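Below you'll find the structure, written out as structure tokens, and then a few comments.
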Amino acid sequence: MKKVLGLVVSERNLGNSEILVKEIMDAVPDPCARELIRLTDLKIEPCRACYRCLSPGSRCVKKDDFNFVLDKILESDGLIIGLPVYFLGPHGSYKMLTDRFLGAGHYSRHTRGKPCAVVMPFGMPGWEGYTRTAALVLPRMLEMRLVDCWQVHAALPGESMLKDENREYARRLGSGLFTARESGRGPRECPHCGSDLFRLLPGGEIECPLCAARGNLRDGGVPDFSRPGHTRFSAEKLEEHFNVWLVEMRDKYLRERDILKEVQKPYRGKQWWVKGRGGANGGTVS
Ligand SMILES: Cc1cc2nc3c(=O)[nH]c(=O)nc-3n(C[C@H](O)[C@H](O)[C@H](O)COP(=O)(O)O)c2cc1C
């Protein structure tokens, strides 16, 4: 039996992310086991950059909920992410989670080719910001088959389901989750990764900041990425980054640790830190 995991990245009870994910999951054909995780209920701490997870078979050493979420993602056959736009980008909990995937080079053999759909509610047209591009990082690092990256205009909790077309779209997405191909790219999206943000380079060249593919702007401002070349999300490039370059960096650190400690020494005594009080008796803003 297929297993589908819904990852809801919103604290809002029955908010748009939650109900959109539920509608999509509900339409996945049976037999299907469904599980939901509300990411904001879990403790996901910052990555401590210890690089331990780079060793094959090693797990993150932090005692929080990351390994639980990771296991759920790895064991599922399909992933549906509900990710609201917050301040022109993805909800911060999603970035916190993404940052913990330094071991992606060992995880992707479990996730490669599995379907992933991302649904992103946003409150105001024109305020979607860079959310789409940021949302793509996790499924791309895990080499998943991105079947959709759907932005839904809905500000108030539940508003997304006021429109029949959204419900129908969600149900189509769910019913085709395991049979759908990688989503097609629009003419103004990177054909390699699907990002819609580009960096302008000298000489009329453009670069996709997400996957690093390079192309040119054609007449009418349409990006042309037809030249074959580098994209960092190919299986070889990901292998090179996570399982070679990062491992070399870790080994270099171990070799050069004493030199680096000398560089750090003069800063050790400058303990100017101020600490918060964990919300108790916090100040007021007037
Ligand atoms: C703190 C905060 C920041 C937000 N920032 C944006 C934004 O920059 N752009 C936007 O279009 N909507 C923004 N919204 C609106 C949410 O994306 C919208 O209400 C969405 O439906 C929330 O999804 P949820 O119901 O699953 O939490 C923001 C909402 C909150 C609470």
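As the structure is a prediction and not an experimental result, all values here were calculated from the model. Whatever order the structure lists them in is the order used to number ligands and atoms, beginning at 1.
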Problem - Any donor-acceptor pair under 3.5 Å from Arg100 side chain to Glu45 backbone - result: yes
Practice task
Answer yes when Asp251 and Arg255 have at least one side-chain N-carboxylate O distance shorter than 4.0 Å, and no when they do not.
Solution key: no
Practice task
For residues Glu23 and Arg171, determine if any side-chain heavy atom of one lies less than 4.5 Å from a side-chain heavy atom of the other.
Solution key: yes
Completion exercise
Within the 4.0 Å heavy-atom cut-off around ligand 1, the contacting residues, ordered by chain and number, are Ser10, Arg12, Gly15, Asn16, Ser17, Pro84, Val85, Tyr86, Phe87, Leu88, Pro121, Phe122, Gly123, Met124, Trp127, Ala154, Ala155
Handout entry: Listed partners of Glu189 passing salt bridge (charged side-chain N to carboxylate O under 4.0 Å, His left out), at least two apart
Key = Arg132
Exercise for the section: Keeping the roles fixed (side chain from Lys2, backbone from Gly78), state whether a donor-acceptor pair exists under 3.5 Å. Expected result: no
Problem - N-O pairing of Glu182 and Arg145 below 4.0 Å - result: no
